J.: 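Got a structure here, written out as C-alpha cells. Questions coming.
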Amino acid sequence: MEAPIGEILISEEKIKEKVAQLGKEISRDYKGKIPILVNILKGGIIFLSDLVRELEILHEIDFMSVSSYDSQTESTGVVRILADLSINIEGKDVIIVEDIVDSGLTLDYIKHILLARHPKSLRICTLLDKRARREVEVPLDYVGFEIPDEFVIGYGLDYMQKYRNLPYVAVLRVNG
Ligand code: IMP
Ligand code: MG
C-alpha cells in the first residue's frame, strides 16, 4: 500500500526554525523560574524533545496521556485520562506542550484538571493550531503555526498510530 502522504504543509527547516524561536521566547518569559513542561502523549513527544533542547533555562518535564480520538480522524468528544502526571504541580509554573489544538476539547479538559491542582501559573504551547475547527475557546500562549482544516501527519502526529516519524507536517491523503 502506498503511504498516504499528501502535500507537505510545513517543512523540516520551517519547523526547526519555529521551535528554536519558541524555545527562545519561553526561555525569556521564564527567566529565573523552573517551569514544568507537561507533554500530552503521544503526539507531542517529538515537539517536546526538540523544544527542550532549545531552552536556555532550567525546567522539568512530565507526561500525561489522554485519549479523545480512537484511531480515527474525528473527535468523539470523549476525553479519557490514560496516564496521569508523576509530579505534584501545586505552586509550580506549568506549560502544557501540545502537538495540535483542533476542537480544543482535549486541551480544555486537561486545563481544568490541572488548574484544580493549583499551579502557580499555567500556559499553553502548541505547535499547530487548527483554528477553524475550534469548538471551545482555549487561549493559547505559544503557537507555532496556524494550519487549515486538514488532517495532518508527521512530526509526532499520527494516522492510526503511524507516520509520527515524518520530519515534516503533511496532509493525510485519502483514497490514494
Ligand atoms: P481536539 O480535542 O479536537 O483539540 O484534538 C486534540 C488531539 O486530537 C490532538 O492532540 C491530536 O492528538 C489529535 N488530532 C487533532 N487533529 C489532528 C490531525 O490533523 N492529525 C493528527 N492528530 C490530530
Ligand atoms: Mg495530542
Side-chain angles (χ1 to χ4, degrees), residues 1-12 14-16 18-19 22 26 36-52 61-85 89 94-116 122-176:
M1 195 187 82
E2 213 186 321
I5 303 166
E7 185 198 346
I8 294 178
L9 278 189
I10 311 166
S11 70
E12 192 174 355
K14 282 256 160 60
I15 294 173
K16 201 168 176 345
K18 185 67 78 176
V19 172
L22 288 171
I26 292 172
I36 300 173
L37 279 72
V38 170
N39 191 217
I40 312 303
L41 296 170
K42 304 171 206 172
I45 61 152
I46 310 276
F47 178 38
L48 177 83
S49 59
D50 282 346
L51 182 66
V52 294
I61 62 174
D62 204 356
F63 299 90
M64 194 162 195
S65 180
V66 302
S67 156
S68 61
Y69 285 42
D70 276 325
S71 296
Q72 300 201 356
T73 59
E74 285 301 311
S75 177
T76 56
V78 179
V79 179
R80 274 191 308 147
I81 293 193
L82 305 178
D84 207 340
L85 298 177
I89 61 165
V94 175
I95 306 172
I96 298 175
V97 177
E98 257 285 28
D99 50 354
I100 187 167
V101 184
D102 186 17
S103 69
L105 292 169
T106 309
L107 203 49
D108 189 55
Y109 183 81
I110 293 171
K111 197 180 151 178
H112 283 99
I113 289 175
L114 297 189
L115 280 175
L122 180 66
R123 283 188 177 176
I124 295 168
C125 174
T126 183
L127 181 72
L128 306 175
D129 180 7
K130 219 191 274 183
R131 183 149 288 280
R133 299 248 313 168
R134 205 60 42 84
E135 287 174 35
V136 202
E137 204 41 60
V138 194
L140 305 176
D141 302 282
Y142 304 97
V143 176
F145 304 91
E146 203 172 303
I147 62 162
D149 183 10
E150 303 266 18
F151 193 84
V152 293
I153 51 174
Y155 201 72
L157 293 134
D158 72 300
Y159 171 59
M160 290 171 59
Q161 299 301 329
K162 295 170 194 73
Y163 308 108
R164 295 188 195 276
N165 61 313
L166 299 175
Y168 45 76
V169 172
V171 174
L172 175 76
R173 194 178 57 196
V174 276
N175 307 323

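Please read all numbers here as calculations on a predicted model, not as lab measurements. Order of appearance sets the numbers: ligands from 1, and atoms from 1 within every ligand.
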J.: How does Glu98 reach ligand 1, if at all, at less than 4.0 Å between non-hydrogen atoms: by side chain, backbone, both, or neither?
T.: side chain

J.: Can you name the atoms of ligand 1, numbered from 1 with element, that are less than 4.0 Å from a heavy atom of Glu150?
T.: 19 (O)

J.: Quick one: do Met64 and Asn39 satisfy side chain to side chain contact (heavy atoms under 4.5 Å, CB included)? Show the steps, please.
T.: CA-CA 6 Å; Met64 194 162 195; Asn39 191 217; over 6 Å; no

J.: For Val152, which of Ile100, Leu172, Ile8, Leu166 qualifies under side chain to side chain contact (heavy atoms under 4.5 Å, CB included)?
T.: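 Filter result, single survivor: Ile100.
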
J.: Do any heavy atoms of Glu135 fall under 4.0 Å from ligand 1?
T.: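 Checking ligand 1 against Glu135, which is what was asked, there is no heavy-atom contact under 4.0 Å.
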
J.: Specify the closest pair of heavy atoms between Gly43 and Asp99, including all atoms of both residues, with the distance to one decimal.
T.: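 Between these two residues, the closest heavy atoms are CA-OD2, 3.1 Å.
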
J.: Any chance you could lay out the side chain to side chain contact (heavy atoms under 4.5 Å, CB included) test for Phe47 and Leu22, step after step, and finish with the verdict?
T.: CA-CA 11 Å; Phe47 178 38; Leu22 288 171; 3.9 Å; yes

J.: Mind checking side chain to side chain donor-acceptor pair (under 3.5 Å) for Asp141 and listing every partner two or more places apart, or none if nothing turns up?
T.: none

J.: Heavy atoms only: which of Gly44, Gly156, Gly154, Ser103 lies closest to atom 1 (P) of ligand 1?
T.: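 Among Gly44, Gly156, Gly154, Ser103, the closest heavy atom to atom 1 (P) of ligand 1 belongs to Ser103.
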
J.: Measuring from the heavy atoms of Gly43, does anything fall under 4.0 Å of ligand 1?
T.: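 No, that is not the case, since the closest heavy atom of the residue is not under 4.0 Å from the ligand.
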
J.: Need the ligand 1 atom indices (1-based, order shown) with element for anything under 4.0 Å from a heavy-atom of Gly104.
T.: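 Those qualifying, in numeric order: 1 (P), 3 (O), 4 (O).
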
J.: Show the atoms of ligand 1 that are less than 4.0 angstrom away from any heavy atom in Val152.
T.: 18 (C), 19 (O), 20 (N), 21 (C)

J.: Quick check: are there more than 12 heavy atoms from other residues, nucleotides or ligands sitting under 6.0 Å from NZ of Lys14?
T.: no

J.: Name the option, out of Ile110, Asp102, Ile153, Val136, that contains the heavy atom nearest to atom 15 (C) of ligand 1.
T.: Asp102

J.: Measure across Cys125 and Ile26 and return the closest heavy-atom pair with its distance rounded to 0.1 Å.
T.: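 Answer, listing the atom of Cys125 first, then Ile26: SG-CD1, 4.2 Å.
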
J.: Using a 4.0 Å heavy-atom cut-off, which part of Arg133 comes near ligand 1: side chain, backbone, both, or neither?
T.: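 It is neither; nothing of Arg133 touches ligand 1.
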
J.: Can a non-hydrogen atom of Asp158 be found less than 4.0 Å from any atom of ligand 1?
T.: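 Right, Asp158 reaches ligand 1.
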
J.: Which one holds for Ile40 and ligand 1: side chain close, backbone close, both close, or neither close, with close meaning a heavy atom under 4.0 Å?
T.: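 The answer is neither.
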
J.: Within the distance-only criterion (no hydrogens, no angle test), does the side chain of Asp102 pair as donor or acceptor with the backbone N or O of Lys130 below 3.5 angstrom?
T.: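 Looks like no, no N/O pair under 3.5 Å.
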
